[in-house]
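Worksheet: the structure to be examined is printed underneath.
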Amino acid sequence: MSAQLALTIAGMQRSVQQGTTGTDLFGEDRTIVAMTVDGQLQDLFREVPGGAVVEPVAIDSVDGLNVLRHSAAHVLAQAVQEVNPQAKLGIGPPITDGFYYDFDVEQPFAPEDLKALEKAMQKIINEGQTFDRRAVTDDAARDELASEPYKLELIGLKSNASEAAEGAEAEVGDGGLTIYDNVHKDGTRAWGDLCRGPHLPSTKLIGNAFKLLRSGGAYWRGSEKNPQLQRIYGTAWPSKTDLKAYLDRLAEAEKRDHRKLGRELDLYSFPDEIGSGLVVFHPKGGVIKREMEDYVRRRHIEEGFDYVGTPHISKAGLFHTSGHLPYYADTMFPPMELEGAEYRLKAMNCPMHNLIFSSRGRSYRELPLRFFEFGSVYRYEKSGVVHGLTRVRGMTQDDSHSYVTAEQAPDEIKHLLSFVLSLLRDFGLDDFYLELSTRETEGDKAAKFIGSNEQWEEATSILERAARETGLDLVDDPGGAAFYGPKISVQAKDAIGRTWQLSTIQYDFNQPERFGLEYQAADGSRKQPVMIHSAKFGSIERFIGVLVEHYAGAFPAWLSPVQVLGVPVAEEYADYLWDVLKQLKGNGVRVELDDSDDRFPKKIRNASKSKVPFVLIAGEDDRAGGAVSFRYRDGSQKNGIPIAQAAAEILSAITERRQV
RNA sequence: GCCGGUGUGGCGCAAUUGGUAGCGCACCUGUCUUGUAAACAGGGGGUUGUCGGUUCGAGUCCGAUCACCGGCUCCA
């Protein structure tokens, strides 16, 4: 007679027979794919122990999705080894919205290969293979996986799997090793992989709600010193509908791609003749850039910044003084010789601002002293990373440096933080979290950070306190600091939920010393100021790219290259409409009249495609009534609006920076 | 920088086994122009990213290079 066990199941006290499995408890509900036993994620087929707290894991929960995607990754690996038995396995964890698996293969995967692999996966899935769990000793695992060199390496590293490689904890954990066998319906073994599990009860649950998305090289264990494997990315969802929704989301992101929209809306381009990563703004993009810069410059001045200007090039010695050159020589443009001196394109503005500070004696009465400019900097970004406006080789930083006394530093940081947040809100971004980047204290990278422990601790705690006071979420980013000090960065979410790192605020105790900056204190002594770096948008180019994607090219009126487009119903009404537009133009509104010889419907089509915020239409009814008609971007309309009222609506939308 | 893919008129695409480049939009001209996403007709425009090679012949094959796309690494 098997004994009864007392358990807590899904919050209820229950008594079950010894030997009861998760499948016995939850198996009838097809949406339950795993369970937690005392908080530990486990396969359903495992027996539940007495006294345990057992909870079902639904396929659409965070854990459930991970199980689904991890199982899909296994099926992918099985398919790859079916097609190519020589393929060696790397790791294959679930990730946000999907999974990947790394393989060492002779021939990298081509796009056509993915289709074939999808088919092979579908076959495995349809067959309804089950995942069997088998505990193995390290030695047994080594024997069994003798032909899998990467798995062997992981076995050796398992005591700290998370450090072995990102995602490696999906394969091995702190405890004993397990191998999961994929088993055919007839009980024979199809395939197996070193894995922690848990997995789905059956491959069938993956259904047809999965897709392989792309492939590419990926360094083993994330280091470029290691060999490069071939990674395949895929996605898997509880239902075909969920998959479709995800693919639609990807399509939506593609439609917003700032490279594509920039071309379509004639905003900017990247001429080959100039070089990779170097952008030119066309007149329409120029309007956006100028509006942004004008506004941001004005706001800085209102907030107590002094607008300064510095050249694009300098003798290399300056960047030695600042300490940048030893660290960043290979990401700066190479030197040029001139009159026996070595010059460098500027990669950062701070050294030049420091020279403005030290151009004369400074008094404590002047502090905080804030220098701001749109500084053009050039960075030799590696060829594979240049990307539209978001990663360029020539860019404009909206860069400022505050020179303050040590006592003023906390308030200055708070001031900067609330200032950058208010600026971002003015541009229509309002969903933020903060990141606190600190130095690495161990490992290879620890050496790059300079300064004493005390300096780092003090600077970090000042930043952290200011960050906490905003009430925003604060995420730690160990090792993410610049070599000279910690930073807060503002991460903003765009209209479709993607986050972008925008503003940064950095506390620098290093450069003031290197430049010998000082001010005279009230008591007559000379003191060293603290320097606080801050970029509001990071780079103007990049921020424009972010805004294009955030707004999908449909900018709020104040930023729109053309704010009002007049479309006469027929040629006869062009003059009347132009009179209306002239009045707006007199008020500083950017207007255009479509006086082309297109027919009316074509003009409406063109107007829609141009994403102009206000389309004003005039025909007989409007002219007779001294009115105009609005057509908005969503296709809705308002007819017969008196001219004065129309002008007021347009002007208020612009001055209030409202989206329409 | 590394791995893979791609490069055809301004844009989006086509060109059978290598046989001397087509289409749509845009552009120009003309006839048109009356209420919300494409009027009609005609016309101009590309030595197929660049350089080199194979071949009687290259947009199609090979090599180099530049650029872009995806992925990795990096990102003061």
Side-chain angles (χ1 to χ4, degrees), chain A residues 100 102 105 107-113 166 213-233 254 257 259-260 263-264 266 269-277 319 322-325 327-328 330-332 347-351 377 379-388 390-392 397 399 437 448 480-485 487 501 504 506 508 510-511 533 535 538-539 542 567-574 595-610 615 617-623 629-632 635-637 639-640:
Chain A
Y100 67 79
D102 289 343
V105 282
Q107 279 301 314
F109 301 102
E112 310 83 71
D113 297 336
E166 203 177 332
L213 298 173
R214 57 182 65 93
S215 64
Y219 296 110
W220 169 238
R221 294 178 57 203
S223 167
E224 61 185 333
K225 293 181 190 113
N226 290 336
Q228 201 162 49
L229 308 181
Q230 293 300 319
R231 176 171 299 178
I232 295 177
Y233 282 98
E254 208 174 304
D257 190 314
R259 296 166 298 187
K260 180 172 130 81
R263 227 185 349 259
E264 285 172 6
D266 196 13
S269 59
F270 305 86
D272 279 3
E273 294 85 339
I274 298 179
S276 180
F319 303 116
S322 68
H324 287 99
L325 208 36
Y327 288 93
Y328 299 113
D330 52 348
T331 47
M332 287 179 75
M348 67 293 297
N349 302 300
C350 31
V377 299
R379 293 176 182 178
Y380 175 34
E381 298 287 1
K382 287 189 286 184
S383 58
V385 307
V386 170
H387 182 96
T390 56
R391 199 77 182 268
V392 290
Q397 283 188 318
D399 203 4
S437 300
K448 90 166 200 191
F483 70 89
Y484 51 76
K487 75 174 178 201
Q501 180 183 310
T504 56
Q506 295 177 260
D508 187 348
N510 175 58
Q511 284 196 54
H533 307 242
S539 97
R542 182 163 178 276
V567 179
V569 167
E571 207 169 359
E572 190 187 338
Y573 309 100
D595 57 359
S596 70
D597 53 10
D598 289 328
R599 307 282 253 274
F600 184 65
K602 181 62 177 292
K603 290 187 181 191
I604 293 294
R605 176 181 157 87
N606 287 340
S608 293
K609 290 209 305 186
S610 73
V615 176
I617 293 163
E620 186 51 45
D621 298 349
D622 300 289
R623 185 171 66 179
S629 296
F630 280 86
R631 184 183 202 276
Y632 298 96
S636 66
Q637 17 174 331
N639 297 333

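Proteins come first, then strands; the chains are lettered A, B, ... in the order of their sequence lines, and each starts at number 1.
For A:Ser276, the listed nucleotide lying nearest its side chain is B:C68; candidates were B:C68, B:U31, B:G35. Closest to the side chain of A:Val569, out of B:G35, B:U73, B:U36, is B:G35. Residue A:Glu571 places its side chain closer to B:U33 than to any other of B:G35, B:U33, B:U73. Considering only side-chain atoms of A:Ala218, the nucleotide from B:C72, B:A37, B:C3 that sits closest is B:C72. Here the side chain of A:Arg231 is nearest to one of B:C11, B:C72, B:C74, namely B:C72. Minimum atom distance to the side chain of A:Arg605 is reached by B:A37, of the listed B:G71, B:U36, B:A37. Taking only side-chain atoms of A:Lys487, from C-beta outward, the nucleotide of B:U36, B:A39, B:A76 with the closest atom is B:A76. Candidate nucleotides B:A39, B:G5, B:G1 were compared by shortest atom distance to the side chain of A:Pro601, and B:A39 ranks first. Nearest nucleotide to the A:Ala347 side chain, out of B:A76, B:U36, B:C74: B:A76. Closest contact between the side chain of A:Phe600 and the listed nucleotides B:U73, B:C32, B:U36 involves B:U36.
Among the atoms of the strands shown, base atoms are found under 4.0 Å from some heavy atom of A:Tyr573. Here A:Tyr380 lies in heavy-atom contact (under 4.0 Å) with sugar-phosphate atoms only. Among the protein residues, A:Phe483 comes within range of no part of the nucleic acid, since none of its heavy atoms lies under 4.0 Å from any strand. A:Arg631 comes within contact range of at least one nucleobase, with a heavy-atom separation under 4.0 Å. A:Thr504 comes within 4.0 angstrom of no nucleic acid atom, judged by non-hydrogen atoms across all strands. When heavy atoms are screened at a 4.0 angstrom cut-off, A:Ser629 is found touching base atoms of the nucleic acid. A:Lys609 comes within contact range of at least one nucleobase, with a heavy-atom separation under 4.0 Å.
Nucleotide B:U16 is matched to nothing when pairs are restricted to Watson-Crick or G-U wobble geometry with both distances under 3.5 angstrom. As the counterpart of B:U36, no nucleotide is assigned, since no Watson-Crick or G-U wobble pattern has both distances under 3.5 Å. When both pairing distances are held under 3.5 Å, B:G24 makes a Watson-Crick or G-U pair with B:C11. Applying the Watson-Crick and G-U wobble criteria (two distances, each under 3.5 Å), B:A64 pairs with B:U50.
At a cut-off of 3.5 angstrom, the base of B:G1 holds at least one donor-acceptor pair with the side chain of A:Tyr219. Between the base of B:A67 and the side chain of A:Ser383 there is no donor-acceptor pair shorter than 3.5 Å. On a pure distance criterion of 3.5 Å, no polar donor-acceptor pair joins the side chain of A:Arg379 and the base of B:C74. For B:C32, its base sits under 3.5 Å from the side chain of A:Arg599 at one donor and acceptor pair at least.
With P as the reference atom, B:C32 and B:A37 are 26 Å apart, rounded to whole Å. Nucleotides B:G18 and B:G57, compared at atom P, are 15 Å apart to the nearest Å. Here, B:G53 and B:U48 have their P atoms 16 Å apart, quoted to the whole Å.
With hydrogens and angles ignored, the 3.5 Å screen pairs a side-chain donor or acceptor of A:Asp113 with a backbone N or O of A:Ala110.
Taking the six-membered ring where the residue is Trp, the centroids of A:Tyr328 and A:Phe483 are separated by under 6.0 Å.
In this pair, A:Tyr328 lays its aromatic ring flat on the base of B:A76, centres within 5.5 Å and planes under 30 degrees apart.
A sub-4.0 Å separation between OP1 or OP2 of B:C69 and a side-chain N or O of A:Arg259 is present.
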